[in-house]
**Q** 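Sending over a structure as structure tokens; questions will come in a sec.
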There are 2 protein chains.
Amino acid sequence: MTGASNTTRDATRPAIALRNKAAPAPPPATPGDALRLLREQSLTALVQREIERQIVSGDLAAGAKLNEIDFCNELGVSRGPVREAFRMLEQAGLVRTEKNRGVFVRQVSIEEANEIYEVRAALDGLIGRLAASRITPAQLARLKAVVKRMRAAERTLDADEYFPLNLEFHEVLAEATGNAALIANYRRVVNELNLYRREMLLRDADNITRSTREHEAIIEAVATGQAETAERLLFDHVIRSRERLHRALAMPAPRARKAPRKAA
Amino acid sequence: MTGASNTTRDATRPAIALRNKAAPAPPPATPGDALRLLREQSLTALVQREIERQIVSGDLAAGAKLNEIDFCNELGVSRGPVREAFRMLEQAGLVRTEKNRGVFVRQVSIEEANEIYEVRAALDGLIGRLAASRITPAQLARLKAVVKRMRAAERTLDADEYFPLNLEFHEVLAEATGNAALIANYRRVVNELNLYRREMLLRDADNITRSTREHEAIIEAVATGQAETAERLLFDHVIRSRERLHRALAMPAPRARKAPRKAA
DNA sequence: TTTTTGTAGATTGTCAACAATCTACGATAT
DNA sequence: ATATCGTAGATTGTTGACAATCTACAAAAA
């Protein structure tokens, strides 16, 4: 069942780019759609981004095996770029490699998640401290808009809507620090955590209410430039999120979500 | 002058592993020296570690260009593993890639260093907080031994000895947290910073004295379990290290050190 | 002299093929 | 019936070759 892949090649439509041998003279009307992309981006980067998207979106479940040739067929590239992309994702902590066995979407155990949450708490604390003194009015407005939408999702208890809003809230806050190194580190940590906590807030609706309250307090501290307070509030917010997740995971699972790909 | 490399191949001795075609039947006396290594480690991993070693040791200067074929000849492997190792180092923040131009040892500007130092301060603050409550007596003893050696180096103002001791001090402290995710993140950040601050403490001898004083205060707080104090001391220690570095770099450069490889 | 242009060499990006290892499954023996 | 062994297929690890791009240098034009 798994390998209906290496038979034909033309049937499947390449997802990201055409082969450079096809399309001898593309019409100049299109501004070099995919061509300019390949002028400045390597196939490896494209492949890496696509696989990462599939992982963080949940299309590939934690523990799923990533077959090289399957990705070659799906994306219309050879194994070289795919393998290079695997190495990047490995360093990013999204996949794990076993020699001669393959690469798998990383599984984050509860113990690892606890550890990563502590790292995230420290980073988020710094984010609060810096954002309090550097946030721009535009960013502050965007932050308030996000929380406003969160309150709406809170009323309807719509977790599917709340989850991306939560990500956006913290993303905007991180950007408000203006510290690129911090933003990059923060994103990687959050990416890793998302391998674990995808089901958070889906199980205990009450968490949404409490989380939103904390977000409002954080905004207040950041808006008034209280660096120390914002730092402490964000640190504690992350630690409490961790505890909320643990309590949620101890509960019986709710309805299943759109089925992700097979997990080994 | 640069390319005395692609002429012959047998003259240069492979640095990490023999080709699998040579050595038909190795004597069982040797416990499979490099053979077992390749059973469980990929060439990519070996290459990645070797290049990383050359970067962090300073053999390759910041900005130096990494030529694929040179590494192939030097390590006795083909370009595949070398390119995969490049992608790993890229994700680790040690090299930068320009499409169709090559990869270069990353140059960390003073602005980037400032940003990274803030991240490190947050991580080190967490390290202090956690180490204060989790450090073992053995680790504490090792910490004190390191500081003792630091005091000796302080008297002779031997910066060459002080630098690795400083790294070891913070490494032991990080390990004392028992948090693997924190340790991994911390190491990556320190690795990046080392691209910038190699010359720190080499220029202003007085820094050694001040730094050691702060280390002793940190040990005191950690040893007595004062988590909050240790956190604050370590955070401030990192920020002050950053300021010390900036002051040191503003001074005239001291004698040159052992020349690293060419910088582009 | 300075600038431009063009060509040869070197280097990177990508691909296809070979070798080694692992996995699945059936035959044989107990 | 169960367990062990062995073989065929699939998958990964590695290599060498080809195509595209860049770099350096020299010749020609301004």
Side-chain angles (χ1 to χ4, degrees), chain A residues 1-7 9 14 16-24 32 34-48 64-73 75-88 90 95-104 264, chain B residues 1-7 9 14 16-24 34-48 64-73 75-88 90 95-104 262 264:
Chain A
M1 282 301 177
T2 58
S5 51
N6 55 353
T7 56
R9 166 176 299 186
I16 56 171
L18 57 163
R19 335 290 307 276
N20 33 14
K21 282 156 190 170
L35 289 89
R36 173 141 24 118
L37 216 60
L38 280 209
R39 284 265 181 274
E40 47 201 39
Q41 300 247 357
S42 69
L43 279 187
T44 298
L46 277 304
V47 172
Q48 186 266 342
K65 182 172 189 305
L66 304 186
N67 185 295
E68 291 182 3
I69 300 182
D70 285 350
F71 279 104
C72 293
N73 295 333
L75 304 176
V77 299
S78 80
R79 289 175 55 213
V82 171
R83 286 180 61 86
E84 290 183 22
F86 281 175
R87 295 296 96 75
M88 298 178 78
E90 182 182 350
V95 304
R96 153 187 60 92
T97 300
E98 290 183 29
K99 179 167 164 61
N100 288 326
R101 300 225 11 198
V103 325
F104 307 81
Chain B
M1 283 301 176
T2 58
S5 50
N6 55 353
T7 56
R9 167 176 298 186
I16 56 172
L18 56 163
R19 334 292 306 275
N20 32 16
K21 282 156 191 172
L35 291 87
R36 174 143 23 119
L37 216 60
L38 279 211
R39 285 267 182 274
E40 47 201 38
Q41 300 247 356
S42 69
L43 280 187
T44 298
L46 277 303
V47 172
Q48 187 266 343
K65 181 172 190 304
L66 305 186
N67 185 296
E68 290 182 3
I69 299 182
D70 285 351
F71 279 104
C72 293
N73 295 333
L75 304 177
V77 300
S78 79
R79 289 175 56 214
V82 171
R83 287 180 59 86
E84 291 184 20
F86 281 174
R87 295 295 94 79
M88 298 179 78
E90 183 182 348
V95 305
R96 153 186 59 92
T97 300
E98 292 182 29
K99 179 166 165 64
N100 287 326
R101 298 224 12 195
V103 326
F104 307 81
K262 62 174 183 290

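We name chains A, B, ... by the order of the sequence lines, and we start the count at 1 in each one. What you see below is based on every heavy atom in this structure, not just the backbone, and it leaves out hydrogens, waters and symmetry mates.
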**Q** Would you call B:E90-B:R87 a salt bridge at under 4.0 Å N-O?
**A**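 Here B:E90 pairs with B:R87 in a salt bridge, since their nearest N and O are under 4.0 Å apart.
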
**Q** What is the distance from CG of A:L43 to C1' of D:dA19, rounded to the nearest Å?
**A**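 Atom CG in A:L43 sits about 13 Å away from atom C1' in D:dA19.
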
**Q** Apply salt bridge (charged side-chain N to carboxylate O under 4.0 Å, His left out) to A:E68 and list each qualifying residue two or more places apart in sequence or on a separate chain.
**A**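 For A:E68, the residues satisfying salt bridge (charged side-chain N to carboxylate O under 4.0 Å, His left out) (neighbours in sequence not counted) are A:R79, A:R83.
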
**Q** Mind calculating the distance between CZ (B:R79) and P (D:dG16) to the nearest angstrom?
**A**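 Computing the B:R79:CZ to D:dG16:P distance gives 12 Å.
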
**Q** Can you tell me how far apart CZ (B:R101) and NZ (B:K65) are? Round to the nearest 0.5 Å.
**A**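 The CZ atom of B:R101 sits 8.0 Å away from the NZ atom of B:K65.
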
**Q** Does A:L66 reach the side chain of A:F71, with side-chain heavy atoms less than 4.5 Å apart?
**A**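 Yes, at least one pair of side-chain atoms sits under 4.5 Å.
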
**Q** Hey, does B:G80 reach any base, or is it just sugar-phosphate, or nothing, if we go heavy atoms under 4.0 Å?
**A**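 Counting heavy atoms under 4.0 Å across all strands, the contact made by B:G80 includes a base.
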
**Q** Among D:dT14, C:dC22, D:dC22, which nucleotide has an atom closest to any side-chain atom of B:N100?
**A**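 Selected nucleotide (nearest to the side chain): D:dC22.
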
**Q** To the nearest Å, give me how far apart CG (A:L66) and C1' (D:dA10) are.
**A**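 To the nearest whole Å, that distance equals 17 Å.
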
**Q** May I have the distance from B:N67 (atom CG) to D:dT21 (atom P), rounded to whole angstrom?
**A**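 Whole-Å distance recorded here is 20 Å.
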
**Q** Are B:K65 and C:dT12 close enough that a side-chain N or O sits under 4.0 Å from OP1 or OP2?
**A**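 Checking C:dT12 against B:K65, a side-chain N or O does come within under 4.0 Å of OP1 or OP2.
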
**Q** Separation of A:Q41 atom CD from C:dG13 atom P, in whole Å?
**A**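 Atom CD in A:Q41 sits about 13 Å away from atom P in C:dG13.
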
**Q** Please give, in whole Å, the distance from C:dG13 C1' to B:F86 CZ?
**A**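 Rounded to whole Å, this separation is 13 Å.
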
**Q** More 5' along DNA chain C: A:R101 or A:P81, using each one's nearest nucleotide?
**A**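 With A:R101 and A:P81 compared, the 5'-side residue is A:P81.
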
**Q** Tell me: CD of A:E68 to P of D:dG13, nearest whole Å?
**A**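 Value for this atom pair: 6 Å.
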
**Q** C:dT12 C1' sits how many Å from B:R87 CZ, rounded?
**A**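 It is 10 Å, rounded to the nearest whole Å.
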
